[in-house]
Amino acid sequence: MSERILVAVAWPYANGSIHLGQVAGAYLPADIFARYHRLKGNDVLMVSGSDAHGTPVTLSAEKQGVSPEQVFGRYQAEFLDNWERLGIGFDLFTTTHTDNHTQVAQDMFLTLYKKGHIYKDTMSQPYCETDRRFLADRYVEGDCPHCGFESARGDQCDNCGRTLDPQDLINMVCKLCGNAPIIQETEHFFLRLSAFEDQLLEWVRKQDHWRSNVKNFSIGYLEGGLHDRAITRDIEWGVPVPLEGYESKRIYVWFEAVIGYLSASKEFGQLNDNEDRWSDFWQSDSRSYYFMGKDNIPFHTVIWPAMLLGYGGLNLPYDVPANEFLNLEGLQFSTSRNWAIWLPDYLDKYEPDPLRYVLSANMPETSDSDFTWKEYVRSNNDELVATYGNLVHRILTMVSRNFDGKVPEAGTLDSVDNDLLDHARRSFDETEAGIEACHFRAALQSAMGLAREANRYLERQAPWQTVRTDRQRAASTLWVGLAVVNCLKTILSPYLPFSSEKLHAMLGFDGSIEEHGWVWDRDELSPGQPLGTPEPLFTKLDESLVEEEAEKMAG
RNA sequence: GGCAACGUAGCUCAGUGGCAGAGCGGGCGCUUCAUAAGCGCUAGGUCACAGGUUCGAACCCUGUCGUUGCCA
């Protein structure tokens, strides 16, 4: 029975490249999950897009002396290229700067407003008399009232990490002109989050399939009490407030960006000449999974659900498998300190599958994890190449040399043969259950365990010897070996789509793995089926790479 | 400061009441079909620290220290 699965992935700010932390935290797990469900034959919609609005984009634009459109346009193009090269298969990766998104976001705003979930009030904001504009949190800086750090931002101090209100800053200055802003009252719209507290708490408490840290954190967040939050700002870049008299105000980015999941779903339908397509994933018996880093949890377990409840008639998140953070060589990824591995840089030099493998094997599912170049090389050489790639290669070359490159016909199977085939069945089921539950690391371990077991099997059956003494026995062994490789091809394909596709062809199949589906049958390879020319699936990397990359990062 | 997590082998990490685990790395040996890949054996741990509950604690409770995220 086909299921409907919405794979919703956090929207990256379009003011800088994607780094490996974001890949490990959100994009890769989402893609593995989506690929698996597509193989299962389920109806999958995977969406995300560039967060084109928000102050990081305008700040970058002003720094570079270009328009915000140019900034987000450049990164939107880069993101699309990166997804293609890394094999992140979005059904639609759009942006928040589309007419469609504006319309959907304004509809959400108006509906909530009419239903009384949004109300007007006034608040105090820094106003720069020189630039004649209100200043967003990140447009002011000053001394941190807690630690005295001299260039704390309006929303947070980068030194002591505390969150701030602009009014807290000592010696506050406008980042644009350097003059001191004044504090001025301004009218804004507020989301009545407090009204949803009980309903959300009841809902979150029922989510027993959520990761415990996600659930506990959300419950704690709700029990601490929800405060109504301002959802508009006095800025020019963003979605206009759709009410007369408020033309100078924009919907604030944290409220508007999450609506992207819905607007992207609608845009997907329009692009495919099926206007109502979005409702399959939002109003019917569909499950939605939201992938993101841990810093984004409350937006997806509390605020977005509150908006959906207020709007009415739309599905709440089914699961929010948020990941912890990936560190780099023991330190946090930091854009400002340029401590990062940027995805476009990686893709210019290396293959996609090894990265997908290393990040999956080390995915920060339950706690922060660490990426090091040393581990990257080790993992590629000792696991991908030595365990899996070599297994495939030794079996294929033996068949190629001794059985005319055709699937040999098995004779009677012995208990060792059957044990391995049983193991393959178990690994297939375990990998399936693991991915289904968003336990990507464990599922990958199960698959790799099968590759190790197959190497042990070969050692025991030694077909390179029996081929000279008992040709039928060697044929049976290699037939079993091929059947297991065929299994590995499928269960590893969500993780290693490029090499699995290559292997699929080498095993003599036509078409793609996606057409083939998430199935494994030991008898799938028919005797006599001609195999392709065996080629290594992965390449060993030289240790010198570790030092080269270390030097690059130090510089 | 409040809340939620995390701290386990050289490294990266599993393990939530019942004999401390895996992968990789180290050491020794075997093998040679395969990308010098593979297989077996082996060494290696005060489960952050200190208390408590229990017949029994890495696991439950309290406190301390360290790390992370969110919030004020």
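As the structure is a prediction and not an experimental result, all values here were calculated from the model.
Taking atom C1' on both B:C47 and B:A58, the two are 4 Å apart, rounded to the nearest angstrom. The C1' atoms of B:U67 and B:A48 are separated by 11 Å, rounded to the nearest whole Å. Remark: the separation of the C1' atoms in B:U64 and B:G27 is 40 Å, to the nearest Å. B:A22 sits 11 Å from B:U42 when the P atoms are compared, rounded to a whole Å. Comparing the same atom, P, in B:G21 and in B:A4 gives a spacing of 33 Å after rounding to whole Å. When the P atom is used for both B:A37 and B:C24, the distance is 13 Å, rounded to whole Å. B:U16 and B:U54 are spaced 24 Å apart, taking the P atom of each and rounding to whole Å. Rounded to whole Å, the P atom of B:C60 lies 11 Å from the corresponding atom of B:G18.
Under the 4.5 Å side-chain criterion, counting only non-hydrogen atoms from C-beta, A:Arg522 is in contact with A:Asn418. Side-chain contact between A:Leu316 and A:Trp304 is absent, with no heavy atoms from C-beta onward closer than 4.5 Å. Counting only heavy atoms from C-beta outward, the side chains of A:Asn323 and A:Phe291 never approach each other to under 4.5 Å. With contacts defined as side-chain heavy-atom distances shorter than 4.5 Å, the pair A:Lys294/A:Asn213 does not qualify. In this structure, the side chains of A:Glu549 and A:Tyr346 stay at 4.5 Å or more apart for every pair of heavy atoms. Counting heavy atoms from C-beta on, the side chains of A:Gln461 and A:Asp417 come closer than 4.5 Å. Put simply, the side chain of A:Phe134 does not reach to within 4.5 Å of the side chain of A:Tyr139, judged on heavy atoms. The side-chain heavy atoms of A:Asn338 and A:Met553, taken from C-beta on, include no pair separated by under 4.5 Å.
Phosphate contact (OP1/OP2 of B:C3, side-chain N/O of A:Asn216, threshold under 4.0 Å): absent.
One interatomic measurement links the two molecules: CD of A:Glu329 to C1' of B:C11, which rounds to 12 Å at whole-angstrom precision. Atoms CG (A:Leu326) and C1' (B:U68) sit 13 Å apart, rounded to a whole Å. Atoms NZ (A:Lys215) and P (B:A4) sit 14 Å apart, rounded to a whole Å. A:Trp373 has its CH2 atom 18 Å from the C1' atom of B:C11, to the nearest Å. Per the geometry, CG belonging to A:Asp370 stands 17 Å off C1' belonging to B:U8, to the nearest Å. Distance OH (A:Tyr221) to C1' (B:A72): 11 Å, rounded to an integer number of Å. The CD1-C1' distance, from A:Ile297 to B:A4, rounds to 9 Å in whole Å. Between the NZ atom of A:Lys294 and the C1' atom of B:C71 there is a distance of 15 Å, rounded to whole Å.
Base pairing of B:C41 is made with B:G27, judged by Watson-Crick or G-U wobble geometry with both donor-acceptor distances under 3.5 Å. Base pairing annotation: B:A48 forms a Watson-Crick or G-U wobble pair with B:U64, both donor-acceptor distances under 3.5 Å. With a cut-off of 3.5 Å on both pairing distances, B:A34 has no Watson-Crick or G-U wobble partner at all. Under the Watson-Crick and G-U wobble criteria, each requiring two contacts below 3.5 Å, nucleotide B:U53 is left unpaired. The pairing partner recorded for B:U16 is none, the criterion being a Watson-Crick or G-U wobble arrangement whose two distances lie under 3.5 angstrom.
No option in A:Phe255, A:Phe189, A:Phe196 other than A:Phe196 meets the ring pair (Phe, Tyr, Trp, His ring centres under 6.0 Å) test with A:His117.
Across A:Glu436 and A:Tyr36, no two heavy atoms sit closer than the pair OE1-OH, 2.6 Å. A pairwise comparison of heavy atoms in A:Ala8 and A:Tyr261 identifies CB-CD2, 3.4 Å as the closest pair. In terms of heavy-atom proximity, A:Ser500 sits nearest to A:Leu492 at OG-C, 3.8 Å. Between A:Leu326 and A:Leu20 the shortest heavy-atom distance is CD2-O, 3.8 Å.
A cation-pi arrangement is present between A:Arg425 and A:Phe428, with the terminal nitrogen or guanidinium carbon under 6.0 Å from the aromatic centre and inside a 45° cone about the axis.
Residues in residues 499-508 of chain A take part in no salt bridge (charged side-chain N to carboxylate O under 4.0 Å, His left out) pair, two or more places apart or across chains.
Contacts of A:Glu383 with the nucleic acid, taken as non-hydrogen atoms under 4.0 Å apart, involve only primed sugar atoms and P, OP1 or OP2. Nucleic acid contact for A:Ser369: sugar-phosphate only, since backbone atoms but no base atoms lie under 4.0 Å from a heavy atom of the residue.
If you check residues 429-449 of chain A against RNA chain B, the residues with a heavy atom closer than 4.0 Å are A:Arg441, listed by number. Across residues 471-509 of chain A, not one residue has a non-hydrogen atom less than 4.0 Å from an atom of RNA chain B. Residues from residues 409-426 of chain A with heavy atoms under 4.0 angstrom of RNA chain B: there are none.
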| remark: Going 5' to 3' through nucleotides 30-39 of chain B and flagging B where a protein heavy-atom sits under 4.0 Å of the base, S where only the sugar-phosphate is that close, and - otherwise, we get --SBBB-SBS

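With ring centers used as reference points, A:Trp11 lies 6.0 Å or more from A:Tyr13.
A:Gln465 and A:Asp470 share no side-chain donor-acceptor pair at under 3.5 Å. Side-chain contact check for A:Glu365 and A:His439: no donor-acceptor pair (N or O, by modelled atom type) lies under 3.5 Å.
Comparing A:Ala361 and A:His227 along RNA chain B, the residue whose closest nucleotide (by nearest heavy atom) sits nearer the 5' end is A:Ala361. Place A:Thr372 and A:Phe325 on RNA chain B by their nearest nucleotides, and A:Thr372 ends up nearer the 5' end.
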Between the protein and nucleotides 62-67 of chain B, list every N/O to N/O distance that falls short of 3.5 Å.
none

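In this pair, A:Phe509 and A:His504 present their aromatic rings parallel. The plane angle is below 30°, not in the 30 to 60° band.
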